[in-house]
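As structure tokens, the structure follows; a few thoughts come after it.
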Amino acid sequence: MLSGTVQSSKDLVNDLEYRGLIHQLTDTENLRKKLESERVTLYCGFDPTADSLHIGSLLPILCLRRFQLAGHIPLALVGGGTGLIGDPSGRSSERSLNTADTVASWTNSLKAQLSAFLDFNLEGNPAKLVSNYDWIAPLDVITFLRDIGKNFTVNYMLAKDSVDSRLSNGISFTEFSYMILQAYDFYKLNQEHNCSLQVGGSDQWGNITAGLELIGKMGGGDAYGMTMPLVTKSDGKKFGKSETGAIWLDRNKTSVYQFYQFWINTDDNDVVKFLKYFTFLSQAEIEALENELKQQPERRVAQRELAREVTKIVHGEEAVVTAEKITQALFSGEFMSLSEAELVEALQDMPTTVCTGEEDRSLINLMIEVGAAPSRRQARQDIESGAVSVNGQKLTNGETVLGPDQKLCGKYIVLRRGKKNYFLARFE
Ligand SMILES: N[C@@H](Cc1ccc(O)cc1)C(=O)O
């Protein structure tokens, strides 16, 4: 289940450095020594702020797996407790609270998702999955304020970026207290699982170091923190969004085909960086792709490899086959080879017209009905010049009658005008 090459711990930090995955690290030399000489338990937390993770979480998830492949023990934490409070880190305004039921249900969804990325049966270093609801919910206010809160000065808390950047607009006491809960998580995992490293996105530095502070004050074992860089794109746009919104890890929210397309559309200037960040390909393999990109950028071999690898990691081998099949069908206009599920996936972004009524339509009439031509005259002209195809087959006679035989899976007709203008007719 777990793909990627097993690495010795000696190479782990070098590999993370090569990939540019280390943004900040509390004590590189000592952590390096520790990772080389013993099995380390590390953790990363994910708050349930939606019913699915999106690709923004992929970097830390894959990081946990990189450590597991090198022999260490990854602990994935879902913030069933902290998700009820709301992390102010990296946000310019207060979050709205979700109901306890919603957070509980999202916690379960995230647990299921995370469990697909790690190996829980690996001999020697099996992964673990926890929710901080289990120890945060039972905390009483006196213990919280006396035993935990006493270790932080308000001055220290105010100096954190996550709080400081919010002082002008205001921050609730609820979000202000968040760092203490995350700090307590780290302490708790340090005590109970001998966890000595927390990793996270660059916006988590303040929360991670608050944990180190608490562990130090409460007499825990030695501990380290590491953050990963913010993923940026050369065009300056935000990473992880397409025109249709966030790229989710749940295939019911972002289809396998859309997921694959997101990666294949990576800019030449970003693709090598993304190969390093989001795949387990070796340095030699990445260098070969970089070379290929320099020689023949138009072939987009590096992008295809990136799309394949990330789709495989997130959705499995068979998803790569599906995504490539759909890509090919859309490229050639041939939809006959697709199953109904694949067809629905391929067509989902096309402008769709629901056609009612049993009667068959002439090609011209259908073009008008779906908005593929502004007038019958224009429709006829496009058809006669060979610019129109139906389900991938060019038709040059506008009077051709489209009946049941033309309907894919009994209900769809795909019209194409020119190279790229698709129109979908769905018969109901
Ligand atoms: N605060 C983290 C999630 C997290 C929660 C609890 C932790 O102990 C660690 C991390 C985030 O918002 O991304």
Side-chain angles (χ1 to χ4, degrees), residues 23-24 26 41-50 52-64 67 74-98 103-104 106-107 109-111 113-114 128-137 139 144 148 152 157 160-163 165-166 171 174-215 218 220 223-231 239-240 246 249:
H23 177 61
Q24 280 173 296
T26 45
T41 298
L42 76 153
Y43 99 97
C44 181
F46 304 88
D47 268 353
T49 52
S52 166
L53 295 164
H54 52 73
I55 54 171
S57 299
L58 216 42
L59 217 53
I61 294 174
L62 298 185
C63 182
L64 288 180
F67 275 82
L75 219 159
L77 176 147
V78 180
T82 41
L84 290 164
I85 305 306
D87 189 353
S89 307
R91 290 183 57 103
S92 54
S93 61
E94 189 81 13
R95 291 171 187 269
S96 46
L97 293 175
N98 297 301
V103 175
W106 290 351
T107 298
S109 310
L110 262 55
K111 276 187 168 177
Q113 258 179 353
L114 285 164
K128 292 175 196 158
L129 187 61
V130 294
S131 165
N132 60 14
Y133 186 87
D134 296 351
W135 54 86
I136 292 178
L139 264 184
F144 176 70
I148 310 168
F152 295 96
M157 295 171 72
K160 295 280 182 194
D161 276 350
S162 58
V163 174
S165 64
R166 287 275 296 278
I171 179 170
T174 312
E175 289 196 6
F176 176 63
S177 319
Y178 184 97
M179 71 176 83
I180 300 187
L181 294 179
Q182 185 164 337
Y184 183 59
D185 285 348
F186 198 178
Y187 170 75
K188 199 79 181 157
L189 296 176
N190 181 263
Q191 293 293 293
E192 288 175 12
H193 294 271
N194 194 22
C195 173
S196 53
L197 169 66
Q198 182 180 173
V199 301
S202 55
D203 62 347
Q204 294 299 310
W205 184 248
N207 292 339
I208 294 174
T209 49
L212 297 172
E213 181 83 8
L214 186 64
I215 292 172
M218 301 202 13
Y224 303 81
M226 181 187 126
T227 57
M228 278 155 275
L230 184 74
V231 182
F239 168 77
L249 300 188

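Just so you know, ligand 1 is whichever comes first in the structure, and atom 1 is the first atom listed for that ligand.
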For R166, is there an ion pair with E175 - N to carboxylate O distance below 4.0 angstrom?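 So E175 pairs with R166 through a salt bridge.
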Between P88 and I171, what is the shortest heavy-atom contact and its length? CB-CD1, 3.8 Å
Answer with yes or no whether the side chains of D185 and W135 bring together a donor and an acceptor at under 3.5 Å. yes
For T82 and Q182, test the side chains for any donor-to-acceptor distance below 3.5 angstrom and give the result as yes or no.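 Side chains of T82 and Q182: no pair found under 3.5 Å.
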Name the residues with a heavy atom less than 4.0 Å from ligand 1?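 Around ligand 1, where the cutoff is 4.0 Å for heavy atoms, the contacting residues are Y43, G45, D47, L77, T82, D87, N132, Y178, Q182, D185, Q198, Q204.
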Donor-acceptor check, side chain of S89 to backbone of Q204, threshold 3.5 angstrom: yes or no? no
Quick check on the 6.0 Å ring-centre criterion: do Y43 and F186 meet it?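 Under 6.0 Å, so yes.
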